[in-house]
Amino acid sequence: AVSLLPLFRGEEIKQIRDLYFVRREGGSVYGGKSYEAIVRGPWKLMQNSPYQPLELYNLVDDPTEQRDLISEKPPILNALRESLRKQIQRGGVVPWQP
C-alpha cells in the first residue's frame with residue numbers, strides 16, 4: 001500500500017505503479033457501462049464518458065488537460081492502452097450488480 005498523505009502535505013510520492021480509475025454508470029442511458037482512466041508518471045489516458053474516445057494528456061506540461069496528445073504519442077498510447085486493458089479485464093471478473 002502507498003500512503004497519499006504526503007500529497008496532502010504538498011510533498012511528492014514516488015509512483016510505483018499505474019493508478020487506475022473506473023466509474024460505472026447506471027440508468028437507461030448508460031446501463032452499467034464504465035469509463036476509465038490510467039495515470040503513469042506524467043501521462044494520463046482517459047475517457048470522459050462510455051461513449052467518448054480515449055484521450056491522452058501530459059499532466060506536467062498540461063495540468064488542465066487542454067491538449068489531447070493521442071495522435072502524437074503512439075508508443076505512450078499503446079503502453080497505457082495495454083495497461084488499461086489489463087486493468088479492465090481484472091475488474092471485469094467482479095459483477096457490477098448482484
Please check if Leu56 and Ile88 belong to a single hydrophobic cluster, counting links between Ile, Leu, Val, Met, Phe, Trp and Tyr side chain heavy atoms closer than 4.5 Å.
yes
Checklist entry - Is the side chain of Glu11 donor-acceptor paired with the backbone N or O of Arg9 at a distance under 3.5 Å, no angle test? => result no
Residues Ser83 and Ile38: closest non-hydrogen pair is OG-CD1, 3.2 Å
- Item | N/O donor-acceptor pair under 3.5 Å between Asn58 side chain and Trp43 backbone | no
d(Gln47 CD, Arg23 CZ) to nearest 0.5 Å is 13.0 Å
Heavy-atom closest pair (Met46 atom, Tyr57 atom, distance to 0.1 Å) is SD-CE1, 4.0 Å
Residue set satisfying side-chain hydrogen bond (donor to acceptor under 3.5 Å, both in side chains) with Glu36, at least two apart, ordered chain then number -> Ser34
In this structure, CG of Leu80 is separated from CD of Glu82 (nearest 0.5 Å) by 10.5 Å
In Ile76, Val39, Leu54, Leu69, the residue satisfying side chain to side chain contact (heavy atoms under 4.5 Å, CB included) with Leu45 is Leu54
Rounding to 0.5 Å, atoms OH (Tyr20) and NZ (Lys86) come to a distance of 14.0 Å
Here the gap from Ile70 atom CD1 to Lys73 atom NZ, rounded to the nearest 0.5 Å, amounts to 13.0 Å
What one should report as the nearest heavy-atom pair of Asn48 and Tyr35 is O-CE1, 3.5 Å
Neighbour count above 12 (heavy atom, 6.0 Å) for Arg67 CZ | no
Glu55 meets the salt bridge (Lys or Arg N to Asp or Glu O under 4.0 Å) criterion, sequence neighbours left out, with none
